[in-house]
Every structure is written in structure tokens, then in C-alpha cells.
Amino acid sequence: MTYEERVETFRKRIKEGHKVEATDWMPDEYRARLLKFIEMHANSELMGALPERDWILRAPSLHRKLAVTAKIQDEVGHAQLLYRLVEDLGKPREKIFEDLVQGRTKFHNVFHYPTHSWGDVGIIAWLVDGAAVISQGALQRSSYAPYGRTMRRICWEEAFHLKHGEDIVLTAVMGTERQKRLMQEALERWWEPLMMFHGPPTPPEKDKDLAWGIKTKPNEQLRQEFLSTYVRKIQEIGLKIPDPKLKFDSDTGRWSYTEPDWDKLYAIVTGNGPASKQRLSFRRLSLEETAWVRRAILGERAQAA
Amino acid sequence: MSPELKEAYARYLLTLADDEIVIGYRDSEWTGVAPVIEEDVAFSSLAQDEIGHARLYYTLAGQRLGKDPDHLALLRPKEGYYHARLLEDRTTPKYDPGGDHQGGGDWAKAVARRFLYDLFDDLRVEGLLSSADPELAGAAEKIRREEKYHLRHGEAWWRTLAVGSVEARERLEAALEAIWPDLLGLFEPAPGEEALVEAGLIARTTDALLDPWLERIYPYFEAHALPFPGEKAGAEWRLGVEARTGGRQGIHGPGWDELYEEMTMVRRLEPEGTW
Amino acid sequence: MHVWEVFRQEQEGEPMVHVGSVVAPDRERAREYARDIYSRRYEAYRLWLVPREAVVEITDLDYLQPPIDRTYRMGVAYRVTVEKRRQIKRMFEDLAKEVYGES
């Protein structure tokens with residue numbers, strides 16, 4: 001069989017719903033796309049720990065302190081699961097981190113923004129994680145089975161994050177005006193990034209990741225599902241969504257909204273977001289300051305051998 | 001229980017809780033920035049365990065003082081915390097939203113501090129197992145079941161740093177040299193501990209833990225020929241370092257100023273609010 | 001660094017199921033990392049850690065699911081026994097009619 005024929009057979013099997021395992025043969029393009037897709041996801045989990053990490057010390061009760069720490073620990077745990085997949089696809093961890101801090105690989109738009117208050121902690125855990133669960137839920141059926149299995153595990157844990165986030169928001173909304181304002185202001189800050197979260201409405205036929213079955217739902221469908229799941233829940237608790245054009249059209253069964261500026265999204269994910277440089281320089285600093293520890297681990301192994 | 005004894009007991013419980021919460025807070029800062037991702041997750045679990053232990057102690061203290069555990073943890077005046085000074089310094093780099101981050105993260109200090117503190121705390125908790133207060137004895141029994149894994153973690157890292165590379169060893173030695181005065185500060189007793197021993201609430205005063213602790217830590221230094229600032233003459237330990245005390249009296253350093261500011265920041269917005 | 005494959009038993013008596021892997025410098029830390037990555041929320045009753053090199057993989061489908069009929073090993077091949085019982089019952093009924101006449 002020629003290479004092209006093998007690729008065609010592979011494509012056909014994926015279309016029929018067959019799954020691929022790490023040790024199976026796969027076309028170079030599939031491996032490259034898969035690696036890039038999962039690496040960006042993994043980077044996002046790791047970089048996502050940073051904006052929330054600022055609030056680990058500041059949580060306003062012992063319960064919240066434990067829950068916030070556990071939540072961020074989960075995000076790093078998710079990064080571990082995903083980086084293991086990337087490593088198994090052939091990219092060593094040191095190289096992954098080098099590319100990340102050099103800005104050669106990307107991470108998700110929502111982690112390029114600063115956090116300003118405890119309100120951000122609630123809104124991120126509830127709605128950013130909520131948006132993430134919508135796409136990760138669809139990824140459970142990815143053609144790459146190790147990724148799909150990892151998504152099942154991650155979604156299970158994200159379910160706790162949503163409850164934790166929603167509880168922070170509800171508690172504040174039931175509290176004083178000041179507490180409620182923290183949540184309203186945070187919602188206003190996060191709405192635009194949330195609307196950008198699932199990416200531009202690329203026509204499904206042009207989306208290569210969709211064609212390879214790496215992902216299973218088009219961007220716009222994910223955004224519509226997000227709006228259907230959360231808009232009512234947000235409005236019911238008296239928070240106002242800062243988009244006058246947002247409405248559900250019962251004839252088409254679709255939400256209409258103010259079109260996000262997709263050039264802005266591109267600028268953000270390529271390292272020009274409001275906190276991109278600070279986050280990457282902090283990641284670089286923490287990697288540099290711990291490089292000697294990784295060398296020591298390898299040294300100890302060398303002696304033991 | 002006489003009012004004096006009751007006061008001394010509450011103070012002792014707060015001291016236990018403050019030690020645990022402060023090291024728990026400081027170690028939780030490694031979440032997201034530890035040397036290896038797997039270790040990141042592991043170290044965060046240790047930090048969460050400590051906060052959990054602090055919560056148990058605050059709950060016991062709160063029952064005696066008629067106060068809410070969260071109030072005790074987050075709403076006391078800054079000079080009303082009695083943790084040892086060893087535990088209050090930051091060991092991670094600090095994020096600055098403006099981008100001028102502060103470096104100085106020190107995994108060697110984090111690991112050495114945690115291991116030697118855990119060995120101290122293990123002896124202290126051992127002395128609570130037979131407490132006349134069954135609630136404290138019960139808490140101590142559960143805490144010990146978690147702490148035994150902390151000791152395993154500490155041993156593994158102690159070995160890695162001592163033998164992994166010349167650089168690692170130098171960093172470990174430098175960290176140890178810097179923290180010795182504060183390590184000895186752990187053994188500063190809280191006011192009224194003798195009465196607590198007499199009443200059977202605790203087995204030993206905190207200063208009486210020093211010798212058993214030295215006996216216990218010395219083999220870890222000896223195994224890797226790490227410098228030890230003292231020697232045993234007969235049954236007596238002679239140490240070449242002075243303890244830096246004051247923590248148990250509420251006297252702290254800049255590390256605490258920074259931590260207190262952060263940990264109370266949100267709660268102070270609405271101190272009596274529900275969060 | 002070494003890769004350990006992690007298998008988890010979620011409840012007593014249930015099978016050990018592969019859940020992922022950890023990277024660690026030694027067995028001791030592999031244990032810790034496996035606990036923290038795969039059982040932070042009481043998910044495990046038991047964990048197995050297996051060095052990746054120890055795993056032998058068989059993926060050859062001709063070997064695992066041979067192409068020539070093996071259904072004689074399986075229940076599905078014996079549905080016909082139900083029909084046979086029915087036939088035997090009918091046979092006895094016919095015989096009884098013959099001996100005792102219609103009743």
C-alpha cells in the first residue's frame with residue numbers, strides 16, 4: 001500500500017467512527033495537528049493556573065481557600081494528563097515548555113487577561129470553565145481515543161469547578177451590594193473573552209481538525225450551546241449581560257449577539273493580550289528558578305544507574 | 001477547667017492552627033509553579049492537608065472561645081497570630097501584574113523547611129494522641145495518618161537535593177544555614193504550656209521536643225555528610241546557633257506582613273459577610 | 001525520568017482499569033504522583049503502577065479475532081437448542097395422542 005492509500009484508509013476508518021490509539025499508525029498530518037491541538041489545550045490548563053493562582057492566598061474563608069487551591073491543582077493535574085499525551089506523540093516536555101515561553105506555541109485567549117477581584121474567581125470557575133466543559137464534552141468523542149478518555153476524566157472534575165464557581169457567585173449575589181457588584185463587574189470584564197472562547201465561526205468544511213475527527217463540533221455550535229446553557233442562569237440571579245444585541249430567535253432556534261472582533265482574538269492568542277507578556281515572563285521566571293531541581297532529579301537517576 | 005487553663009489551652013490550639021495554616025498558605029503558593037508538574041500536584045496536596053489540619057484546630061479553639069473558625073483564621077489582628085517565624089516567608093517567585101515579578105523562589109528552602117518542620121510537628125502531634133481532651137486526641141490520630149505521607153515525601157526530596165547534583169547540594173546547604181535560627185524558634189513554647197501538661201491535655205511542652213527532634217533529624221544530615229551546626233556531648237546537644245524566637249508571642253517579620261495583607265484582603269471587604 | 005502506566009480499581013472487587021501514566025524519577029515518587037494525579041477525590045480503591053517497558057501490546061486483529069468461524073464457542077451458536085426442545089415436546093405430545101387417543 002502506498003502512503004497515500006494508507007492515509008485514505010485511515011481517513012475512511014475515522015469517518016466510520018473508528019478510534020486511534022497512541023501506538024497505532026497515523027498520517028503525519030494527523031499526528032502534527034493532533035499534537036498542536038492537544039499541546040495548546042495543555043498549555044491552556046497550565047497557563048490557566050496563573051490568573052487564579054493570585055487568589056489562592058486571598059480566598060475569604062477556609063472552605064474557599066481549600067476549594068480554590070484544589071481547583072487550581074486540578075488544572076495543573078489536567079495539564080499533566082494532556083502533556084503526557086503530547087509526550088507520547090513525540091514531543092519532549094523540555095521542548096514543550098521552551099516553545100511555550102518563547103511564544104512559539106499558543107494557549108487559550110481567556111488566560112491572557114488579568115484578574116482584578118474575587119469576582120473574577122467566581123466568574124472564571126463558573127463560566128470560563130463552563131465554556132470549557134462545552135467544548136471538552138464534545139472532545140470526548142475525538143477520533144484520538146487517549147484524548148477522548150482524558151476528556152471524560154477532565155469533564156468529571158470540571159463539574160466540581162462549575163459548582164464551586166456558581167456557589168461563589170450565588171453567595172456574593174445574596175450578600176451585600178458590594179459583593180454583588182464584584183460579580184457584575186467581573187461578568188462585564190469576562191463576557192467578551194467568553195464570546196471569543198470557542199473561536200471564529202469557521203465553516204465546518206474548512207476546519208481540518210473537524211475533518212480529522214480531532215474535534216467533533218464546529219465552533220459556532222459550541223458557542224450556541226454555551227449561550228443556551230448559561231444566559232438564563234446568569235439573568236435569573238440578577239446579573240446583566242453586557243451585550244444589548246444578545247437575544248434568542250425562536251424562529252431560527254439560534255442566539256444572535258454582537259460579533260466579537262476576531263482580529264482582536266488573533267492578536268490576543270498570538271501573545272498580545274492584556275496580560276500575555278506578564279504571564280509568559282512569570283512562567284519563564286518560575287521555569288528558570290526551578291531548572292536546577294530538574295537537573296538534580298536527572299543527576300540522582302544517573303548516580304543510581 | 002479554670003479560666004487560666006482554658007485560656008492557655010485555647011492559646012495552644014491557636015498556636016497549632018497558626019503553624020499549620022501559615023505553612024499551608026505558603027506551600028500552596030507552589031500550585032502552578034513547582035519544578036515538575038507531577039510535583040506541583042503533589043505539593044499542593046500537602047499544602048491542602050495542612051490547611052485541613054488548621055481548620056480542625058481552629059474548630060476546636062473556636063468551640064472553646066465561642067468563635068467561628070473562619071474568624072479565627074482570617075480576622076484576628078496581625079499581631080494576634082502565634083505561628084513560628086520559620087513558616088511565614090514566601091519561597092516562590094511573586095507575580096506582579098505590572099510584569100516586574102519578584103524572583104527569589106527557592107525550592108530547596110521550601111523542601112528543607114517542610115521536612116524539618118514535619119519532623120517537629122510529628123513529635124508534637126504524637127504528644128497529643130493521649131490528650132485528656134478526647135476531641136484533640138481524635139484529631140491528632142487522624143492528622144498523623146496524613147502526615148506520615150508528608151514525611152515520605154520529605155525524605156525523597158531530602159535525598160534528591162543532597163545527592164542529585166553539586167548545585168542542588170549547595171542550595172540545600174545554603175537554605176539550611178539560613179533557616180537554622182528559625183528552626184530552633186519552633187521550640188519556643190506558648191504561654192501556660194506547663195499547666196497543660198499537668199492537666200494531661202498535652203504530653204510535653206514544646207521546648208521539650210527539641211532534643212528528640214535533634215536525635216531524629218541528625219541521621220538525615222549524617223547520611224549525606226551535610227553540615228550540622230552542633231554536636232552531642234554525652235547526653236547533651238551543644239548547638240552553635242541561637243534560636244530566633246518571638247513568633248509564639250505574635251512577633252513576626254516582613255514575610256508575615258506580606259502574607260497577612262494577602263490572606264485577609266478579600267475577607268476584609270465585608271468581614272461579617274457570607275463568602 | 002521513567003514512565004509508569006497507572007491502573008485503577010475504583011471499588012473493591014472491580015477490575016483494574018488503565019487510567020493513564022505518570023512520569024517520575026523513582027518508585028517512591030511514582031507512588032505519590034499516581035495518588036495525586038489519579039485519586040484526588042477518593043476515586044481509587046487500589047492502584048497498580050507498571051513500568052511502561054513491561055507492557056506487551058498485541059494489536060494484531062487476525063490473531064485476536066481470527067477470521068474463520070469460532071461461534072461454536074459462543075452462546076449465540078446454541079439458540080437452536082430452544083427450537084429442539086420445542087420439537088421434542090411436540091414429539092411426546094404426538095406420541096401420547098397415539099397411545100391414549102384424543103382426550
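Keep in mind that this is a model prediction, so the values were computed, not measured. In what follows, chains carry the letters A, B, and so on, assigned in the order in which the sequence lines appear, proteins first and then strands, with residues in each chain numbered from 1.
- Ranked by heavy-atom pairs shorter than 4.5 Å toward chain A, the options G99(B), S28(B), G24(B) are led by S28(B).
- Interface residue L269(B): backbone and side-chain heavy atoms are both found under 4.5 Å from chain A.
- Heavy-atom neighbours of chain B within the stretch residues 36-52 of chain A, taken at a separation under 4.5 angstrom, comprise A49(A), L50(A).
- Contact of A70(A) with chain B is made through backbone and side chain together, with heavy-atom distances under 4.5 Å.
- For K65(A), the part sitting under 4.5 Å from any heavy atom of chain B is the side chain, from C-beta outward, and nothing else.
- Interface remark: of the candidates I51(B), V111(B), D106(B), D100(B), I51(B) forms the most heavy-atom pairs closer than 4.5 Å to chain A.
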Assess whether side chain to side chain contact (heavy atoms under 4.5 Å, CB included) is satisfied between H63(A) and W275(B), documenting all intermediate values. CA-CA 9 Å; H63(A) 173 81; W275(B) 288 93; over 6 Å; no
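- Residue contact with chain A, scored on non-hydrogen atoms closer than 4.5 Å, involves the backbone of P97(B) exclusively.
- Both the backbone and the side chain of R58(A) come within less than 4.5 Å of a heavy atom of chain B.
- Contact annotation for I168(A): neither backbone nor side-chain heavy atoms come within less than 4.5 Å of a heavy atom of chain B.
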Tell me, with the steps shown, if L62(A) and I21(B) meet side chain to side chain contact (heavy atoms under 4.5 Å, CB included). CA-CA 10 Å; L62(A) 288 168; I21(B) 201 171; 3.7 Å; yes
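- Within residues 79-100 of chain A, the residues having any heavy atom under 4.5 Å from a heavy atom of chain B are, by residue number, Q80(A), Y83(A), R84(A), R93(A), F97(A).
- Of the atoms belonging to R279(A), heavy atoms from both backbone and side chain fall under 4.5 Å from chain B.
- Side chain of H101(B) to main chain of Q278(A): a donor-acceptor pair is present (N/O by atom type, distance under 3.5 Å, no hydrogens or angles).
- Both the backbone and the side chain of E262(B) have a heavy atom closer than 4.5 Å to some heavy atom of chain A.
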